[in-house]
Amino acid sequence: MKDLCGQVAVDDLDHRLATIPRFPGLKIFKNGLENIKRFTADEFRNMMKVFLFIIEGLIVKHHKRSINMNTVHRYNDALVNVYYYWNKMYIFSRQEYFLESDLEEFKVV
């Protein structure tokens with residue numbers, strides 16, 4: 001993201017994380033990703049709950065003007081999809097049992 005947008009996108013990402021409204025059971029990242037090297041597994045799970053909404057449109061908003069808009073949208077969609085499919089995989093993996101059809105559907109994704 002830093003290559004596509006520069007530091008301004010990273011700063012905006014931190015700002016977006018810091019301004020998430022308080023909600024019971026949801027960790028607030030008032031310092032952004034400042035201490036990510038020391039995150040616990042619980043903090044990563046909380047981050048993944050909101051990250052999809054944080055990154056949506058970030059590349060489109062801050063991309064370098066030298067990059068073609070089609071490319072910008074492709075990168076933005078790819079980044080959003082990474083977090084979407086990670087969340088989907090995580091929720092799927094928390095099931096107690098799987099049907100063969102569930103596993104086939106998951107394999108396609």
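Only a predicted model underlies this, so the values are computations on that prediction, with no experimental measurement involved.
In the hydrophobic clustering of ILVMFWY residues, with side-chain heavy atoms under 4.5 Å counting as a link, Met1 and Val8 come out apart.
Under the rule for a ring pair (Phe, Tyr, Trp, His ring centres under 6.0 Å), Tyr84 has no partner lying at least two apart in sequence or in another chain. Gln7 is linked by a side-chain contact (heavy atoms from CB on, under 4.5 Å) to Lys2, Val10, Asp11, counting only residues two or more places apart in sequence or in another chain. Among residues two or more places apart in sequence or in another chain, the side-chain contact (heavy atoms from CB on, under 4.5 Å) test is passed with Lys37 by none. The salt bridge (charged side-chain N to carboxylate O under 4.0 Å, His left out) test applied to Arg74 returns no partner, not counting sequence neighbours. Under the side-chain contact (heavy atoms from CB on, under 4.5 Å) criterion, Ser101 pairs with Leu99, sequence neighbours left out. Taking the side-chain hydrogen bond (donor to acceptor under 3.5 Å, both in side chains) definition, one finds that Arg38 meets it with Asn35, sequence neighbours left out.
One distance of note links CG of Asn46 with CG of Leu17; it measures 11.5 Å at 0.5 Å rounding. Taking CE from Met47 and CG from Asp42, the interatomic distance works out to 12.0 Å, rounded to the nearest 0.5 Å.
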Tabulate below the donor-acceptor pairs under 3.5 Å that side-chain atoms of residues 48-61 make, not counting sequence neighbours, or state none.
none

Counting only pairs under 3.5 Å, give me each side-chain donor-acceptor contact of residues 64-72, with atom names and distances, residues two or more places apart or in other chains.
{"residue": "Lys64", "atom": "NZ", "partner": "Asp3", "partner atom": "O", "Å": "3.0"}
{"residue": "Arg65", "atom": "NH1", "partner": "His63", "partner atom": "NE2", "Å": "3.3"}
{"residue": "Asn68", "atom": "OD1", "partner": "Asn70", "partner atom": "N", "Å": "2.6"}

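Within 6.0 Å of OH in Tyr75 there are 12 or fewer heavy atoms belonging to other residues, nucleotides or ligands.
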